[in-house]
Structures are given as C-alpha cells and as structure tokens.
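Below is one structure, written out as structure tokens; comments come after it.
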Amino acid sequence: MRPEPTCETARELAAEVALGIASGEERAAVLAHVARCAPCSQHLVELSRAADALLTLAPELPPPPDLERRVLARLRRPRRLRRAALAAAALLAALALGAGAMWAATGAQRWEAGRYREVLALAEGTWYGVWPLRAPAPGGERDGYVFLYRGQPSWLFVVAGEGDGEPYDVVAVTADGRRVTLGTMAPDRRSWGATTSLDLRTLEQLLLVDEEGRVALAASRAASAPAATRPGGD
Amino acid sequence: MGEGTWGPSDEALLAGLASGDEEATAAFVRRFHRRVYGLAFLILGDADAASDVVQETFLRVWRHAEAFDPRRGAVGPWVLSIARNLAVDQLRLRRWSPVEPATLWLAAGPSGEPGPEERAIADAEAEQLHRALGELPLEQRRAVVLAAFYGRTAREISELESVPLGTVKTRIRSALLKLRAALEVDR
C-alpha cells in the first residue's frame, strides 16, 4: 500500500483521474487524498467538469432510423420488471405482517402454492426456494421459513416463530464458506426481508445468530425440500 | 402539449425517466440520442457498434438516474461520459487503434449541427471550450483528445507519439488546466 499522496502528487495526477485514464491505484490514491483535502477536491471537480464538457463537442449525428424505437423498447422492459419487483415487495411486506396468522390458518404449503407463485410470476422470478428454519440441535423443531427468490433484484425473506425476545443477525453462509451479515431482525418483529446482491445459487445456509454469537435458528439448502421452480412452468 | 413547446429541463426529464414516465422517457431519449450517437460514432467509427453503445447508455442512465447528483455537473455531460466509457470499453475489446478518426475530427474541428434552442446556454459554453481547444498547441490538443474521447492512457499516448511519458503527462495536464480556465471565464 502506497502512502497517501501529497497535494502536489494529487494535483499532478488529477487531470488523468478526471479524464478517466489513471490506473486504478493512482485513482484510488487521488480519491483518498481529496476525501480529506477540500482544495484538491475542488480542483478535481473542476477538471472533471472540463473533461466531461469536452465530450459535448462531439458533433451530433442522426442515428439509424429505428434506433430511438429500439432504445425505448429496451427501456420499457426493465421498467416493467422494476414495477413488478416493487409490487412483489409490497405483497411480501403485507404477507409478513400477517404471516403468523396465515401459517396457522392455511399452512405454508397452500400459501406457497397459491399466492407465492403469483408473486413470483408477477416479478418474473427465475428460481425460488422455501427452506425450513430449525433450531441447530439434531432433530430441532421447525420454527419458521426462509423464502428465497431469485430475480432482479433477488430477495430473501425470513419468518421465524416465537423468538426469545432477542435481536438476531441474519447471516448468509455461501458455498465457499464465506459468512455475510445481511441485516438484523428486531426482537419485536419475527420477520425480516431484504433485497440482496448475493447470488442465491451460492447460498448454502442462512443463520439467525444471537448477540452472543450463538446460532439460534438455521436454514440450509441441504435440509430443504426441492422447491426450485420456474413460475408458470407448470 | 406539443412537442415543439414542451421544453422541461434536462433534470426534469431525467426525473421523469427515473420515475417511469413514458412521455418524459421518450422526450429524454429524443433530446439526447443524436448527441450520444454522434459521440459513440466519433469514437468507434462504426454505425452498429455506435448503436449498441447508444442503447446501453440509455439503459445505464435509467438505472442510475436516481443517483444522479446535479451538484456535480449537468445531465448532458453525465450522459455523454457514460457513453464515452462504454465506447472506450468497446474499443479496448476490439484492440483497434482509433487514431485516424481523432486526427480527422481535429483537423475538421468539432462543428456538429446547430443544437435546439434549449441548448443555447450549453452551446455558449461549448463554443468557449471549442475555442480554447483550438488554441491549444497541437500536441496538447492531440493528447487531451486521445485521453478524453478514446480513453488512451498517458503511457499509450507516449508510445503512439514516441515521446517520453513525463512529457505526455505534462501535455495532458496543461491542456486540461487551460480548458478548465476557459470554462471559468463565463461564470
């Protein structure tokens, strides 16, 4: 690791950073410097503005006749996807509120087969899983579910049964053994959900870890019924 | 509202694009696609490749629209910088040396077609910058154009022009400092 550059070095490199042609290392060094040096930061902003303004000098050209239509068509698709993902998020949140009651009334199976599939179809999801959450002891009781939904974006949704009033960290364990803390489940809410940039295909386990670092509940790919499907595929 | 009289700011159209407003999206694309295509074509010299860059540029603009920070610059240059980065990525994939277009463009000077009315302010600034670019010594102009448009690093330019690396770095820096000064004049 190089020492952080002086103002002089940062200014020598600033033009190349502004033009986007500095090496990654140089760029990182200059950015680290300007994060703490207001005059150099201002200098870099002004040079970047000049570098960007230069691009406006490129002559306008009439694009091929159908390009505008193709661009708009491509923009329409992801917008639909995002709207669908938002709808899915809202539906999942609504379900979370009533999850406990719904469990008792209908059983997870029926729920899964019905509305969950609807949600997935709506958001054009490509894969999902439902993993039971269990206490880590052998033969531990099922005490909730983890719902996994792979799409744009991917979702993880955890519903636990009656907890012991403690907050849990939600920790993902990936196939290469990496542990990633995704968030915290508050003690008064027995559900937690979030979008994630994790590739869910690499997710092996999801752990609820208490403040002492003990695993309170765990769900794993190995212990789950094969629930992967494509919405509308049946 | 008729197309001719509908003149919201670039920022307003971008906000519309981000929120999924179809009319704003179409207006945004219409406002920028000639500029984006012109830049991509200048860099790549190929209509198909330039069209791909245009499509990808608008997709990225849409994805990042909500993160756009107007305090850091105007919408136009931001959109163009996205297009430039995509085009430079394409260039690097092709390992194709784009020196001729740069030279041709420099010789002819950036002319372009007259921009629409809403570009009046931007045009004044562009004119200022254009003049400053024209006043640069040729070797500085080449260096800064190769860097800004074609993503050529100082080392690549030094090999291309057979001049020491330090000299190229100085040329790039001097050129950009002068261009910055030119932009400050009218503020």
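So that the names make sense, note that chain A is the first sequence line, chain B the second, and so on, each numbered from 1. Quantities reported herein were computed from a predicted structural model and do not represent experimental measurements. For the numbers below, each heavy atom of this structure counts, side chains included, while hydrogens, waters and symmetry mates do not.
- When each of Ser51(B), Ala26(B), Ala40(B) is scored by its heavy-atom pairs under 4.5 Å with chain A, the top score falls to Ser51(B).
- Residues Leu17(B) and Leu75(A) are in side-chain contact: their nearest non-hydrogen atoms beyond the backbone lie under 4.5 Å apart.
- Residue Ala14(A): no heavy atom, backbone or side chain, is found under 4.5 Å from chain B.
- With values rounded to the nearest 0.5 angstrom, Arg180(B) atom CZ is found 5.0 Å from Glu46(A) atom CD.
- Within 6.0 Å of atom CZ in Arg70(A), more than 12 heavy atoms from other residues, nucleotides or ligands are found, so the atom counts as buried in its surroundings.
- In terms of heavy-atom pairs under 4.5 angstrom with chain A, the leader among Leu177(B), Leu179(B), Leu176(B), Leu129(B) is Leu176(B).
- Interface check for chain B: of the options Leu55(A), Val71(A), Leu67(A), the most heavy-atom pairs under 4.5 Å are formed by Leu55(A).
- A salt bridge links Glu16(A) with Lys169(B): the closest approach of a Lys/Arg side-chain nitrogen to an acidic carboxylate oxygen falls below 4.0 angstrom.
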Could you go through the side-chain contact (heavy atoms from CB on, under 4.5 Å) check for Leu54(A) and Phe149(B) one step at a time? CA-CA 8 Å; Leu54(A) 210 43; Phe149(B) 289 89; 4.2 Å; yes

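- Heavy atoms closer than 4.5 Å to chain A are found in both the backbone and the side chain of Arg173(B).
- Heavy atoms only, all atoms of each residue included: Ala126(B) and Thr56(A) are closest at CB-OG1, 4.4 Å.
- In this structure the side chain of Arg30(B) reaches within 4.5 angstrom of the side chain of Glu68(A), judged on heavy atoms.
- Atom-to-atom distance recorded for Leu19(A):CG and Leu146(B):CG is 11.0 Å, nearest 0.5 angstrom.
- The heavy-atom pair separating Leu183(B) from Ala50(A) by the smallest distance is CD1-CA, 3.6 Å.
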Going through the distances and angles, do Leu59(B) and Arg74(A) end up as a side-chain contact (heavy atoms from CB on, under 4.5 Å)? CA-CA 7 Å; Leu59(B) 212 55; Arg74(A) 262 189 88 179; 3.1 Å; yes

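- Summarising the geometry of Pro62(A) relative to Tyr37(B), their closest heavy-atom pair is O-CE2, 3.7 Å, with the distance given to 0.1 Å.
- Leu72(A) has its side chain within reach of Thr25(B): a pair of non-hydrogen atoms, C-beta onward, lies under 4.5 Å apart.
- Taking every heavy atom of both residues into account, Arg152(B) and Ile21(A) meet most closely at O-CG2, 3.3 Å.
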